[in-house]
Amino acid sequence: MSLRALASCILFVALVSLFSSNFSNAFNITKILSNTSDFGSFNNLLTQTGLAETINSRSSLTILALDNGAVGSLQGKSKDEVQRILMNHVILDYIDQNKLKNLPNKTTTMTTLLQASGVAQQGQGFLNVTVSGNDILFGSEVKDSPLAARFVKSVYAEPYNISVLQISQSIVAPGISAPAPYTTLPPPPPSKKTPAPSPMTRKAPPPAPTKGEEDSGNTAAAPGPADSGAPCALGSGAAVAVLMGLVLNFVGL
């Protein structure tokens with residue numbers, strides 16, 4: 001085997017090993033959380049809402065996990081609402097305990113999966129993280145939202161790939177439970193034209209005359225000989241007789 005062929009084989013084996021190593025190191029949030037029974041309910045919710053698959057397809061994430069007791073606040077909510085709330089528990093950056101304790105100016109804003117989804121409104125997809133004394137507090141970036149969730153401990157860390165941090169309670173951004181407002185177009189202005197009369201208000205036609213009224217009307221309307229406008233008051237037969245007499249009289253002359 002030539003030196004060039006041997007070098008090609010070594011490069012091929014190295015590339016295969018590199019890709020195999022990368023795929024084998026890909027994290028699985030379901031397996032990570034299943035190592036601790038305290039997060040069983042949270043783990044189930046990630047699977048039921050489809051977020052587990054989304055998380056596994058990404059890299060450089062931080063998961064704000066809830067223990068079984070804290071998950072109880074999500075009971076009774078719809079699947080879509082729970083999904084939106086938990087999307088705010090997925091930070092699109094790798095943040096471990098050391099980074100939290102060394103935040104610049106002791107406060108920062110972090111972007112979550114809810115913001116990337118496009119369904120967030122008015123800052124719902126951002127978190128405010130603030131160091132207050134010995135506590136590290138989390139809350140929605142929406143104005144006047146409380147920083148009520150407290151950092152408890154680090155659960156898992158795979159540097160620059162995934163970090164799982166436990167917080168004391170869920171982060172529910174104001175308005176996240178309500179659907180997006182539906183706006184309707186205003187009704188058109190009333191027409192200035194006079195509306196056509198309703199069939200109920202139209203003038204009814206006069207009643208048809210009865211048989212007796214029809215006969216009497218016809219008798220009264222028939223003109224008499226004197227009223228017909230003829231040149232004489234004689235009937236048609238008398239007129240013919242007079243005309244024949246005049247003709248015979250003319251012939252006899």
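We use all heavy atoms of the structure for the numbers below, so side chains are in, but hydrogens, waters and symmetry mates are not. The residues of the chain are indexed from 1 along the displayed sequence.
Between atom CG of residue Asn161 and atom CZ of residue Phe27 there is a gap of 6.5 Å, rounded to the nearest 0.5 Å. The line from CG of Leu92 to CG of Leu61 is 6.5 Å long, rounded to the nearest 0.5 Å. For the atom pair CG of Asn88 and CE of Met110, the computed distance is 13.0 Å after rounding to the nearest 0.5 Å.
Remark: Lys106 NZ is loosely packed, at most 12 non-hydrogen atoms of other residues, nucleotides or ligands lying under 6.0 Å away. Taking a 6.0 Å sphere around NZ of Lys101, one finds it holds 12 or fewer heavy atoms contributed by other residues, nucleotides or ligands. Shown here is Asn35, whose CG atom has more than 12 heavy atoms of other residues, nucleotides or ligands within 6.0 Å.
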When the side chains of residues 63-73 are checked against the rest of the protein, which donor-acceptor pairs come out under 3.5 Å, sequence neighbours left out?
residue : atom : partner : partner atom : Å
Asp67   : OD1  : Gly69   : N            : 3.2
Asp67   : OD1  : Ala70   : N            : 2.9
Asp67   : OD2  : Gln166  : NE2          : 3.4
Asn68   : OD1  : Gly40   : N            : 3.3
Asn68   : OD1  : Ser41   : N            : 3.0
Asn68   : OD1  : Ser41   : OG           : 3.4
Asn68   : ND2  : Ser37   : O            : 3.0
Asn68   : ND2  : Asp38   : O            : 3.3
Ser73   : OG   : Ala70   : O            : 3.0
Ser73   : OG   : Ser170  : OG           : 3.3

Name the atoms and distances for all side-chain donor-acceptor pairs under 3.5 Å in residues 122-137, with sequence neighbours left out.
residue : atom : partner : partner atom : Å
Gln124  : OE1  : Gln121  : N            : 3.1
Gln124  : NE2  : Pro174  : O            : 3.0
Asn128  : OD1  : Thr130  : OG1          : 2.7
Thr130  : OG1  : Thr107  : OG1          : 3.0

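For the pair Leu165 and Ile91, the minimum side-chain heavy-atom distance is 4.5 Å or more. For the pair Leu86/Phe42, a side-chain contact is recorded, criterion being any heavy-atom separation below 4.5 Å from C-beta on. Between Asp96 and Pro159 the shortest side-chain heavy-atom distance does not fall below 4.5 Å. Counting heavy atoms from C-beta outward, Val119 and Leu114 have side chains that approach closer than 4.5 Å.
Tracing side-chain contacts under 4.5 Å through hydrophobic residues (I, L, V, M, F, W, Y), one reaches Leu74 starting from Met87; they form part of the same cluster. Transitive grouping of hydrophobic side chains (ILVMFWY, heavy atoms separated by less than 4.5 Å) keeps Tyr94 and Val155 in distinct clusters. Placement of Ile85 and Val142 in two distinct hydrophobic clusters is found when ILVMFWY residues are connected by side-chain heavy-atom separations under 4.5 Å, directly or transitively. Cluster annotation: Ile95 is not connected to Val152 through the hydrophobic network of ILVMFWY side chains, with a link wherever side-chain heavy atoms come within less than 4.5 Å. Cluster membership check: Tyr156 does not share its hydrophobic cluster with Tyr160, using side-chain heavy-atom separations under 4.5 Å among Ile, Leu, Val, Met, Phe, Trp and Tyr.
With sequence neighbours left out, the side-chain contact (heavy atoms from CB on, under 4.5 Å) criterion links Asn28 to Thr30, Lys31, Asn56.
Checked by atom type and distance alone, the side chain of Thr49 never pairs as donor or acceptor with a backbone atom of Gln83 at under 3.5 Å. Listed for the Thr112 side chain is no donor-acceptor partner under 3.5 Å among the backbone atoms of His89. Without hydrogens or angle criteria, Asn102 side chain to Asn98 main chain gives a donor-acceptor distance under 3.5 Å. Put simply, the side chain of Ser78 gets close to the backbone of Glu81: a donor and an acceptor are under 3.5 Å apart. Put simply, the side chain of Ser154 never gets that close to the backbone of Gln97: no donor and acceptor are under 3.5 Å apart. Judged purely by atom type and a 3.5 angstrom limit, Arg150 has no side-chain atom pairing as donor or acceptor with the backbone of Ser168.
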Inset, instruction - Check step by step if side chain to side chain contact (heavy atoms under 4.5 Å, CB included) holds for Leu51 and Leu113. - result: CA-CA 10 Å; Leu51 292 179; Leu113 186 61; 4.1 Å; yes
Inset, instruction - Walk me through it: do Leu46 and Phe39 pass the test side chain to side chain contact (heavy atoms under 4.5 Å, CB included)? - result: CA-CA 11 Å; Leu46 291 182; Phe39 302 101; over 6 Å; no
